Amino acid sequence: MSTIENDRLEDEQARVDRITSLIRKRIAELSERTGGIHGEIVDIRRNFWDDVTVNFEDSAETAETYASMKQQAELLSERERSHRVMTEQLSTLERLKSTPYFGRIDLIEEGDQDGKPDVIYLGVGSLLDDSGEHYLIYDWRAPVSSLYYDYGPGPVAYKTPAGEISGEMTLKRQYIIRGGVIRSMFDTGVTIGDELLQEVLGKGSDAAMKSIVATIQQEQNAIIRNERARLLIVQGAAGSGKTSAALQRVAYLLYRYRGVLTADQIVLFSPNPMFNSYVSTVLPELGEQNMNQTTYQQYLERRIGRDFEVEDPFTQMEYTLTAVSEPDYPSRIDGIKLKSSSNYMKLIDDYTAALGHKGLIFRPIKFRGRPLISSETMTEQFYSLDRSVSIPNRLRMLRTWLLKELTALSKLERKKKWVEEAIELLDEETYAEAYQHLRKKNKFNENSYNDFESERDYLAAVVVQEKFKKLRSRVKRGVFLDVPAIFKQLYEPDTALGIEGAKEWLPDNWEGIRSYTVSRLADGIIPYEDATPYCYLKEKLEGFHTHTTVKHLFVDEAQDYSEFQYRYLRKVFPNSKMTLLGDFNQSIFAHSGSGEIFHTLNTLFEPEDTERITLMRSYRSTKQIVEFASRIIEGGERIQPFNRQGPEPTLTSAAQADELPALIASKCRSLSDSGYESIAVICKTAEESRRLSEELAEKVPHLRRIEKETVTFEKGTVVIPAYLAKGVEFDAVIIANASKDIYFRESERKLFYTACTRAMHELHLVYAGERTPFLAKK
């Protein structure tokens, strides 16, 4: 990168001064206009009916009233729309005020006669000159802005809606502007200069993820601007910017397809509720609304929470880490792997097909403690229907039949004694309504109001109809189908083994798997590995509840999902493109198959609709931390550290385990004294976190313990299980116990690696006795 002369710097600063002055002027003007329009909106709402002529005497007056109301409503709508647009413009200007832009490219388009370059400045939003014809700043998502991320000086090309444009880039310049002052600027080649990255990455971690538009790398830009792939798989090393690029991708898509795509048509599945808080500010920083954010667990609970208590993946993780000595452990682990496979999805398919001929279980419809329609009657009626019709459609036909039966039964019910008693307890208002109703129907005149029979029939119908309302509602919701019992039936001794071909591939310890599952279901708890198969069975029987309006589905920590889960998501989001972001080196859940899921996703979409992008450069941590952590995992030598220097990670031993809390507390105080605002003490499990936080409570001020229920991410010193720290970063990390007796199984290697890669600036490991074999001396 060349040094830029002082006069160039003065010229550039003069431009920044002009731009920031213009921005401040427009902010003042827009603020005044916005305030005025807001006042108009308040006045219109307050005086809405005063300004409307209301008269319904005849059709002409009614039409005039309607026209008057419509005119006033349209005026209000127009004012509200103008206020919304101005508010968005103000938000953009406020974002540009301190840092109007971060980059510049000089471009000579092919075919330009004068050969004079167009000078293009890039920022987080667009800014036009006073004529409204020329861009002073281009939005980073504009087509021409891709040149900044993808090319250095020389021949270039970029795509626009009108076609590809070629040319030559004669200059590429980067700026660090803070408070309207150029702190640094430099010319660079194809990659975003290390100076800017050093400035951004050298800062402390924050309570919320920040926008990275100024430092997007070429490979990240390929993720952000990809429009072709229906399935985009991003495999990225820890700290490679996967999540940041995904959020910028959302912002880009909302910009690129504005008017066609809205934020509520995009769904992000994140790893835990705290992560939602952590990333919640990125899109608003870029002037976009947040997309729908949820966790897969929350989605499952919405679908089946009424039927079972749904175990969460972190409880499952705790089990796999702590219950090794329990007798059911091998069966549970094998069951987790089995129920995560596409083979198990086929088992559910075959089971459902068999249920089309026999085996469905119905709940009897009861009223006042006695059956109105028995489960046997429903079974007989269902299987009398044409078996070539799908189960969901036959259930709809059964529902129609049940509603008709309830109508007939409600008429018979009116003669029952309890109805007479209920009529006696009705209030005067209900009697008055009965009188008015019967009078309108000419059932009697003024002199025949004592026609007791008509009155009694009407009141009996009112009473029974009110009592039957809940029954009809339950039938309409399909509650008569006993899905929990049907699911439990799958785990009866001979059900699964009786399905054609199942014996050939079900594991030898199927009996142990079956027995463990039955015991959990009997307690009203559905194991996490069973929740998706249960949802799938429920959808197969009742008909899929598809989210057809969702156009983009993002899955972060994609390595933590099973093949079954992906195939299920593909079915419930049938019209959605999918962006999956993960790291197979952080595959820590038993159902994820050590990252094998990345090799089995090709079948979700056609090969020509699938693209993979690999990010091997790690930006989060210092060079020393990346190199240390990379030695923990196989193939770690391929991870490329960003050249940001820092202290070497430390390993500190204690003679006894009970000395570790004091050692950790001392390191927490030292790190805090060094100015670090975000410090994590990372434990292996939630139980270890609980014990340690109690021991540190008096030694470390304002210590917080992060649990799976924690929904907000805040600065400070925290104690956290390794699996909850995924996706989050901290200024400094202390691994609470790197001893051999804590991290010893090969299946825990990636969990240990994940914990170490949370550190940005400093990493410290303490242990008692012998260190974990994952830190073998080299």
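Bear in mind that the values here come from a model prediction, so they are computed numbers and not experimental data.
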Checklist entry - Should E611 and R228 be marked as a salt bridge (charged side-chain N to carboxylate O under 4.0 Å, His left out) after you check the CA-CA gap, both sets of side-chain angles, and the distance that decides it? => result CA-CA 9 Å; E611 291 187 28; R228 193 193 70 80; 2.8 Å; yes
Checklist entry - Going by the side-chain hydrogen bond (donor to acceptor under 3.5 Å, both in side chains) test, which pairs reach into residues 259-270, not counting sequence neighbours? => result T262-D264, T262-Q265, S270-N276
Next on the checklist: Regarding T407 and S410, do their side chains bring together a donor and an acceptor under 3.5 Å, going by distance alone?
Outcome noted: no
Checklist entry - Does the ring pair (Phe, Tyr, Trp, His ring centres under 6.0 Å) test come out yes or no for Y536 and F564, once each step is laid out? => result CA-CA 9 Å; Y536 183 60; F564 196 130; 5.7 Å; yes
Checklist entry - Would you call E563 and R567 a salt bridge, using N to O less than 4.0 angstrom? => result yes
Next on the checklist: Could you check whether atom CD of E687 has more than 12 heavy atoms from other residues, nucleotides or ligands sitting under 6.0 Å from it?
Outcome noted: yes
Checklist entry - Taking NZ, NE, NH1 and NH2 as the nitrogens, is one of them in D560 or K726 under 4.0 Å from a carboxylate oxygen of the other? => result yes
Item to check | SB check K242 D583 (cutoff 4.0 Å) | outcome: no
Item to check | Parallel, tilted or perpendicular: rings of Y561 and Y566 (30°, 60°) | outcome: tilted
Item to check | Any donor-acceptor N/O pair, Y351 side chain to L537 backbone, under 3.5 Å | outcome: no
Checklist entry - Are side-chain heavy atoms of S375 and I361 found at a separation under 4.5 Å? => result no
Checklist entry - So, D386 and R394, do they make that salt bridge, N to O below 4.0 Å? => result no
Checklist entry - Heavy-atom distance under 4.5 Å between the side chains of E326 and D328, does that happen here? => result no
Next on the checklist: Could you go through W418 and F367, starting from their C-alpha distance and side-chain angles, then the distance that decides it, and tell me whether this counts as ring pair (Phe, Tyr, Trp, His ring centres under 6.0 Å)?
Outcome noted: CA-CA 12 Å; W418 72 266; F367 182 67; 5.7 Å; yes
Item to check | Six-ring centre of F605, R570 cation under 6.0 angstrom, axis tolerance 45° | outcome: yes
Next on the checklist: Any heavy-atom pair between the side chains of R472 and L403 that's under 4.5 Å?
Outcome noted: yes
Checklist entry - Aromatic rings Y299 and F573: how do their planes relate, parallel, tilted or perpendicular, breaks at 30° and 60°? => result tilted
Checklist entry - Hey, is the main chain of I348 close enough, under 3.5 Å, to the side chain of T352 for a donor-acceptor pair? => result yes
Checklist entry - In this structure, are over 12 heavy atoms from other groups packed under 6.0 Å from Q465 atom CD? => result no
Checklist entry - If you count the non-hydrogen atoms of other residues, nucleotides and ligands that lie under 6.0 Å from NZ in K708, is the total more than 12? => result yes
Checklist entry - Can a salt bridge be assigned to the pair R303 and E539 using a cut-off of 4.0 Å between side-chain N and carboxylate O? => result yes
Checklist entry - Quick one: side-chain hydrogen bond (donor to acceptor under 3.5 Å, both in side chains) pairs with a partner in residues 473-486, sequence neighbours left out? => result R363-D482, S473-R477
Checklist entry - With the threshold set at 4.0 Å, does a side-chain nitrogen-carboxylate oxygen contact exist between R520 and E311? => result yes
Next on the checklist: Is it the case that the ring center of Y528 lies less than 6.0 angstrom away from the ring center of F314?
Outcome noted: no
Checklist entry - Are K551 and V260 side-chain neighbours, meaning at least one heavy-atom pair lies under 4.5 Å? => result yes
Next on the checklist: Within a 6.0 Å radius of atom CD on E380, are there more than 12 heavy atoms belonging to other residues, nucleotides or ligands?
Outcome noted: no
Checklist entry - Between T495 (side chain) and Q489 (backbone), is there a donor-acceptor pair under 3.5 Å? => result yes
Checklist entry - Could you state the interatomic distance from CD1 (I304) to NZ (K538), rounded to the nearest 0.5 Å? => result 8.5 Å
Item to check | Within 45° cone and under 6.0 Å: R399 NZ/CZ vs F480 ring | outcome: no
Checklist entry - Going through the distances and angles, do E529 and R332 end up as a salt bridge (charged side-chain N to carboxylate O under 4.0 Å, His left out)? => result CA-CA 9 Å; E529 62 269 21; R332 174 88 196 265; 2.6 Å; yes
Checklist entry - Tell me, do F269 and L569 make a side-chain contact under 4.5 Å, heavy atoms counted? => result yes
